[in-house]
Each structure stands twice: as C-alpha cells, then as structure tokens.
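Written below as structure tokens is the structure these notes are about.
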Amino acid sequence: MNQVFTLGAIVGILTSAIRLATPYLYAGIGEAFAQSSGVVNLGVDGIMLISAFSAFYVVLNTGNLWLGLLTAILVGLVMGLLMSLISVTLKAEQGISGIGLHMFGLGLSSLLFNVLVGTVKTITGFPSIKIPLLGDIPIVGEIFFNHSILVYGAFLLVPVAWWILDKTSWGLRIKSVGQNPAAADSLGVSVDRTRYISVCIGAMLAGVAGASLSISLLDLFQDNLTAGMGFIAVALVYFGGWKPLGIMGGALLFSTVNAFQLWMQVLGVNIPSDVAVMLPYLLTIAALAVTVNRARQPAALNKPFERGES
Amino acid sequence: MPVETKAQSKHRLEHVEMRQIVKRFPGVLANSKVDFDVRAGEVHALLGENGAGKSTLMRQLYGLYKPDEGEIIIDGNPVVFHSPADAIRAGIGMIHQHFMLVPTLTVAENVILGLTSKHEPILDLDTVSQKILELSRSYGLKVDPAAFVWQLSVGEQQRVEIIKALYRGASLIILDEPTAVLTPQEVTDLFATLKHMVKEGHALVFISHKLHEVMEISDRVTVLRDGQVIGTRPAKEMTRNDLVKMMVGREMKQIAPQPIRSGPVRLKIENLHTMGDRGTEMLRGINLDIHGGEIVGLAGVSGNGQRELAECLSGLRKVTAGRIELDQMDITSLPLKNRVESGLSYIPEERMRDGAIREFSVQENLFLQDHASPQFTRGIFLDFPRMEAFASKMIREFTVKTPSLDTPVKNLSGGNIQKLIMARELARHPKVLIAAQPTRGVDIGATEYIHERLLMQRDAGTAILLISEDLDEIRTLSDRIAIIYEGNIIGIVDRNEATVEQIGLMMAGISMEEAVHHSA
Ligand SMILES: Nc1ncnc2c1ncn2[C@@H]1O[C@H](COP(=O)(O)OP(=O)(O)OP(=O)(O)O)[C@@H](O)[C@H]1O
Ligand SMILES: [Mg+2]
C-alpha cells in the first residue's frame, strides 16, 4: 500500500488526472452551451465516438493530425445540426432524440471501424509540449506543463467559455432562451437560431473531445472507445451548476479518482478491478445527489418553444 | 433635464393604424374586422370583457401573431411584421399582461438582451446601466440596474419592462393591463410616468378593466366585444355607465350586501408566525377569527404579509409558530390535500403558478382536486359523462369563455383562467374560503358575478377571508375589515365603522386610536 503514496506515484496520478480531464472538459463545456440554451443533448457520447473514429481514420491515412482534428469538428457539426433539426425544429422529445443520436454514433463508429480498419492499430498522436520555464519547475512542471496541445486547449476553454457565457451579448442570448424563451422572443431574439448555434457549438466541442481521446490521449480507436464518457460529461454539467469553472472542478475530481484507481491497478493493489473501475462512477452519482443546484438550472431546459403560449 | 435617449433621436411615429384585422384561433374568432388607430401624443384605451380579443389585437401590432386578414399602416405606409424584431425596429414596444423578463438575469442584462452593444461582442453593462439610470431619472422609473429580476417586486418588474421599451426607442408603447398587479400608489406613479411620455410625443395604448383609470388617463376609448369593435369615442364624452353599457351590453347592478348574523368561529388563527422568501419574518403573530357567514376583508399595502398569510392558511408555506384551526380542528401542520378535504378552498393570487396547470384542459383543471370524490366515480373508474355535464354547467355559470372543454388552459385569456379557478373552488362549497385578489384582471361583468358568488357563499355559512388591494372591493363585500401592517393585524373594524381615510392611515401603520383621532 505504501508504494501508492510515494512522491513518484502522486505526481503520476496528478499528471494523468490532468490528462484524463481533457475529454470531459471539452464535452462538458460543450454540453453547457447546449443546456444553457434549453436543449439537453444526451447524444454527446455518440458524437464523441464517431468523431473519435473520424479523426483517427484521417490520421491513420494521412498522418495529418490537424486534418484529423478538423474532421472531428466537422463531423460534430453535422451531428449537432441533426440534433437541432430533431429537437428544435421538429420539437421532438429531447431525451429520446439524444439517446437516438448516441445509438447512431455508437453503431456507425463501430461499423466503420470494423469495415475500414478491422483491428486495433495505433497512430502517433499530438506530442507533449513542454512549456519553456514553467515546464522546468520540479513536480509542478511535470504535472501541469508537459502535455499535448489538446490538453492545454481544454483548460484554456474554461475561461473562454465563462467569458462568452457571462460577458458577451451572445452568452446573454443563449442564457435567455434557456431561461425564458418567450421573453427572448418578445425582444426579437430568434429562439430557434440561438438554440441551433448553441447545440452545434456543443456538438463540435464533443467532436474535439472524441478526437482528444483517439489522437492525443490514447492514440488508437476501438469499439465503444468512450465507454460512456459522454454521459458523465452531461452529469458534470449538472454537477458544475451550468458554469465552466464548476464543470472543470467536477471533471478534475472525476479524473483524479479515475487516475487513482488506474494506478492502484497498475501497482497491483489488491482490490477487484471491477470495483476499482466503478469507483469514479459511484462518486459521480454521490456528488450529483449532494450538490446539484437546481436554482441555476435553465428553466426552459427540455422544453420546445412555440410562440404565443404565454 | 432631458437626456439624449434613442427615443428622441429616432424617427417619431405619428399615426399607426390597424385596418380590418381578422384573427382566428382554433374554434375562436378572436378579432373580426377590427379597425384601430393611435396617434402621437395620445393615450388610446382598449376596453372589453375577458376574451374580447384585446391582447390578441395588440400582439399582432407587436409582431407576435400574424393577422389572418387586414393590414397595419404606419404613417401612411403598409407594413408587415414577421416577428417582434420588426415591430421593435418600427418603433413599437409592448408591456405584456404577463411580464417577459428573465428572472435569473440582472435588470441591465434584461434591458440589453437582443440588442447589440457598442463594443460587440462584449456586453458593456456599465454603459447600459448608465443609460438605464438616465431613463430612470427622466421618466421617474426607479430601478437598480444591477439587481436580479427575481429579487424585484411586481411594481419594479413593470418599471423594468417600460425601461426596456424606452431603451429601444419605442415611440408607440402598448401597455396590456399594466395596473392589474400594482398597488394604488404604484398606479399613481405609473400614471405620472405615462403622462410625461405622452407629453413627449409617445403614443400609448392602454388596456385595463378599471374604468376610473381609463377615464383618468385616456384621450380616446375603443371597446371590443367578442372580437368586434363596438365603438371608438373620445374619453371626455363618456361616463362610466356609458362605458359599461358598451362593454357588457347592459347596466351593472349595484351590490349592497345585507349584513347577516354570523355563526360560530370557523377559522381561528392564533399568534401565527412565518418567514418570507428572503429569510425575514413576514408574519409576526397574526390573530384573527372568522365566523361562518361572514367575509373578513384583509386590507393593506402589498408586501405586508398578505401573500404569506394566504400561503400559510392554504398549506403552501410552513408556519414557524402559532396555530390554525378549522372548525375547532388543528390544521396547522396538515398538508394541502388534507386541508382541502377538511373543507378549505384557496383562490391563489398567482393563478398562473399556483392555481392551474397550463398544459391541462379546461375540464381537467376543473377536476384537479375532486377527481376522486364519489360524485364522479363509478367503482374505480371516473364517471366521464357526469364529469363532462358538470364541467359544462360550471363553464356556463361562471361565463368562462373557451372554445371547448378540451382546450388547454394556456390558450384562455387571463381573466377567463381566473373565472375557471373560481368556479372550481366555489363548487366545492367550502367551510372556509381564502380568496386572494379574486377579481384581479377580471372584467367588470365577471367581477360582479364573482362578488355575487362570494356573497352567496357567505350566506351559505362559509367563513371567507378576502385579500385584496382594491379597497373598494373590500369595502363593498366585507362584514369586517382587518388591516395588516408589517406582519401584524393592527386593527379590525366593522364595515361602517371606519372611513376610507382611516383605513388608509392604518394601512400606513398608524394605530386605530390614532387614526380615528387624526381624521376626527
Ligand atoms: N394562442 C391562442 N390559441 C388559441 N386561442 C387563443 C390564443 N390566444 C388567445 N386565444 C383566444 O382568443 C380570445 C381572445 O383572447 P385575448 O387574450 O385576446 O382576450 P383579452 O381581451 O386580452 O382578455 P383578458 O381581459 O382576459 O386578458 C379568447 O377566447 C382566447 O381564448
Ligand atoms: Mg388580455
């Protein structure tokens, strides 16, 4: 047991915690945009999967990482448009259409993988970049300043998303259509357009989340690569009270516990691996039950908007 | 000192006309060949019973609905509005019957919403706040730009709505029942603002069910009945009775209830305490007995604990100390459902929130609580034909205007929703009835009817607590009047014992002895 708590182990755990938080950050903050506008997108996991595959496949064939990332974003956009069409224009039940989108992404990514690739292959993903000076600080440098560009990007996204949601007229429109669409509509804000844009931003970020797995963190693709990460990301939005900083807190908590259980397994600590794997999920449920702050929940979440109903 | 606002820099509307407007909803002809116009510098009042089509007409002028037929002409040019954005651009603003504010945002954020800021995409709330304060000063509309809307009283919320319209440079402003939710003092302030706006050349459309307000503020009056224009007249030439006749097609009866001998105490309130939403103590030891067969009116400036008292009695709010008895039974900690079963009825002030389920049909809303009563069940099944017959009867009796029993309540006009709740609560022949603002937003014909029903209920032996901001209503109906001030009942007087002035003084916190002394 002692070896778990050596300095090396702790640094290792924290370093992977930072890395592992990446997909949750992209997907969770993306979902925060969609939900702030009043749309729950439960299809995040499916979008991540199909984007992860697309990015992986492009990199496998061209070796161009940026082209891979771009493809993932475009695929996310297409999925976002699909989700918007179903839930905003056609006003279908959001929960159901999200699950449908997830199933679609899961099935299609698996099919394409088996047809186009077949076996698990690895690629060379985004390399780690050591930040000059900061990266040289002992311990801190290793934990925080020696990661791939997508990891840095995920943490940079936090203040950017906060700024957009709280300090720009864009963010104001997004929040208003999520809280009181009739009021926004009465001021000439297009509820549908705002929701389309927010859902698509969310889906594109889910695309980046998928790519971060397949071409930056794991450098491979396999069936159901995400293993439900997208759903955890949705839960983190509630946990974080629809705020980027809160979502980051949740993502880090989750990834730290996850990193901890991975290390315990690597070090052969004697607990059943199934239990260890379950640990972070149990923690999420517990944390959600305790912390959710309904006061900040968008009042029109899950409600399609039609004019003239007030 | 006048400030440089958009209102002054933007082109001023001289004459806005609606011609031959027709608007249909499923089963309803809401507007039928309506002609209406308003000019710069005048207040044009729009009158009519609940469901006459006033809000619908104005929603078309604001681009929320498209007319099925007819046209809108601004300063001689026909225009077509596809959305409120078009109407706003044309210089039209609207204060809606149910406010259109985002509670989780600040006042400044609500005002700037939908507009582009000077430093796009950055919000620049400082500049916005600055301009709000300028508007606030020059129109006498006191607001704090940094406050969150959920923290504001209805009066404050309304000021925000007006500032929203002014900020957008609206030159024609539609006010849909702006006074329904205001205290008398707030109405006076609002009228001062409106008069100032008219003098500046704004055109105003004013909708209200209160005739004295209409007579006071408007230059012209148009009366709608069943979607049709009955007539447009200069307000000066009209008396109150003329207006009533135009609206309802007959004259009103004068209600003069005969005092009757009241029975034993049915509702006993002892030393009641409770906390308000913001964590301060709102009721500080209320004592009040209401006998069967009497109406006790609760008078007071809004915010002195009326709402909290009603909520405590109905079981919606937790009592922190004290005791409530219904027919000698302690109901202090009984849940709402059991109170209803014990014979308590409640007509809530926030009818949209507490009184009805918007998505449910008219019939379903009528049976929200009574679905399990033996009268409407056959074995374990609901007796639908019987329920339907009963519902039709209620709708007819209470003149609820609805295309059918299956229409969702959200499609009814505001006043008709109130009549529906009234019908449901009275049909139960309660032992105790709490009626909070029962005629707010209700037209005069229906008000008369509701008053009659309340008196009938009283004569049948119900103990009634009438909470109202309308002092006339309280004085007409109540056998005794209790005055509430800062969570205390500071005086109880018999109907004829106190003058309006004395009641007014007590509402301001002056004790009964002093009040009598003052006005003597
Ligand atoms: N969105 C809608 N769908 C269906 N019917 C509607 C809708 N809006 C209004 N109506 C119907 O049109 C008629 C006119 O309603 P409107 O709201 O214009 O009345 P109003 O004169 O404003 O009444 P009130 O004084 O009660 O506010 C009513 O019969 C109402 O039920
Ligand atoms: Mg109306």
Original post:
Under the side-chain hydrogen bond (donor to acceptor under 3.5 Å, both in side chains) criterion, do A:Q297 and A:W242 qualify, and how do the steps go?
Top reply: CA-CA 7 Å; A:Q297 177 165 350; A:W242 293 268; over 6 Å; no
Original post:
Could you go step by step and tell me if A:F126 and A:Y152 meet the ring pair (Phe, Tyr, Trp, His ring centres under 6.0 Å) rule?
Top reply: CA-CA 12 Å; A:F126 282 102; A:Y152 294 128; over 10 Å; no
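Interface remark: B:L101 contributes backbone atoms only to the contact with chain A (heavy atom separation under 4.5 Å). Interface remark: B:N110 contributes backbone atoms only to the contact with chain A (heavy atom separation under 4.5 Å).
With chain A as partner, the option from B:P121, B:A85, B:G114 having the largest number of non-hydrogen pairs under 4.5 angstrom is B:P121. For the set B:S83, B:S55, B:G93, the count of heavy-atom pairs under 4.5 angstrom toward chain A peaks at B:S83.
In this structure, OG on A:S87 lies 9.5 Å from CG on A:N302, to the nearest 0.5 angstrom.
By the 4.0 Å N-to-carboxylate-O rule, B:D86 lies close enough to B:R89 to be salt-bridged with it.
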